[in-house]
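Data block below; observations after.
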Amino acid sequence: MPMEDLENATPEHHAVISDWICSFHRWMLSNDRKEGTARAYTRSMVFLYEEDQKSPAAMASQEYFELTKASLKNKIGNGQRSASVRLWKMFFEEYGHPTEPPEKSDGSKLFQVNLEAGEARKTSTPQNVFADENSAEVKKLRNELELPGDWSVAKRSRNSGDLLTAMSPGGRIYTSKQAVDVRLGREPTRLRKESTGEPTVGEGAGEGEETTNDTANAGEKRKRAESKRAAAKKEASATATEEKDKTKEKAAAKTKASKEDKGETSEKDKDKEKKAK
């Protein structure tokens, strides 16, 4: 079923969509979803409503789920949109496919819908698009990353220039050879080459790609940075302790001096009393 055949949202739906979204969010929390996860799925449903403008009931249909799952935005978003719709379906089913939102929105921005923003996103160029499989750069990337036939190559648009990335059948994006190897359960290329005696070279591909050596070097740099931070923290703690001890010593010296002054004054008073007698 094409998207056009699903029930469109009406002005009446627009008026209460925030209540629907709020009810969905609270339902997820009541079903032990973490706050961060619930917020992410909530915003996904807001974006879907803004862009597709289908009725809440239509968005809970199996047809809408299938259409969302097959969309490019869902694939490049690691399947978050379809996961959100799946939960939206469960939410509707648990409430017996209600015609009115179960709860009222508290006015939070989390539940607010901006239809104009949705229209703008629909006409904008996606951040990631499938690259031309026949181009030399895509063939080179496939060869260097040893991508299986069911994987795709996506082009990510950036201000600094386009970046070619590997996309799994599930829509997840991978930007390094090491990440692809881990995803496919393969022995990292570096280890394979070392075991066979082949020279180790960078495994990345495309502008901005990490190489295996770069990844290892980055790991070493992180360790050194963490070590420096730990040393700095230890030194700062020692300095603070030393300053604290000095402050205590000064306070003790001041107290002692004060007591000695009082003792000297007392002796003078005693001498005056003796002379008066």
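One-based numbering along the sequence shown.
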Can you confirm whether the side chains of Asn74 and Ser82 place a donor and an acceptor under 3.5 Å from each other? yes

The test is ring-ring contact (aromatic ring centres under 6.0 Å, His included); show your working for His25 and Phe91 and say whether it passes. CA-CA 10 Å; His25 179 259; Phe91 158 65; over 10 Å; no

Is it true that Glu63 and Lys54 make a salt bridge, defined as a side-chain N closer than 4.0 Å to a carboxylate O? no

Might you point out which heavy atoms bring Tyr64 and Leu48 nearest each other, and give the distance in Å? OH-CB, 3.4 Å

Could you tell me whether the side chain of Pro56 reaches within less than 4.5 Å of the side chain of His13, counting heavy atoms only? yes

May I ask you to test the Leu29-Lys34 pair for a side-chain heavy-atom distance under 4.5 Å? no

Is the closest side-chain heavy-atom distance between Leu67 and Leu6 below 4.5 Å? yes

Which heavy atom of Asp19 sits nearest a heavy atom of Ser105, and at what distance? OD1-N, 2.8 Å

Heavy atoms of Glu7 and Ser55 approach each other most closely as OE1-OG, 2.8 Å

Donor-acceptor pair, Arg142 side chain versus Pro148 backbone, under 3.5 Å? yes

Check whether the ring centres of Trp88 and Phe92 lie less than 6.0 Å apart, and answer yes or no. yes

Specify the closest pair of heavy atoms between Phe111 and Asp106, including all atoms of both residues, with the distance to one decimal. CE1-OD1, 3.4 Å

Nearest heavy-atom contact between Gln62 and Lys89 is OE1-CE, 3.3 Å

Heavy atoms, side chains only, cut-off 4.5 Å: are Glu50 and Asn114 in contact? yes

Looking only at heavy atoms, what is the nearest atom pair of Val180 and Leu145, with distance? CG1-O, 3.9 Å

Taking the six-membered ring for Trp, is the centroid-to-centroid distance between Tyr49 and Trp20 below 6.0 Å? no

Distance-only polar pair, side chains of Ser176 and Gln178, donor-acceptor under 3.5 Å: no

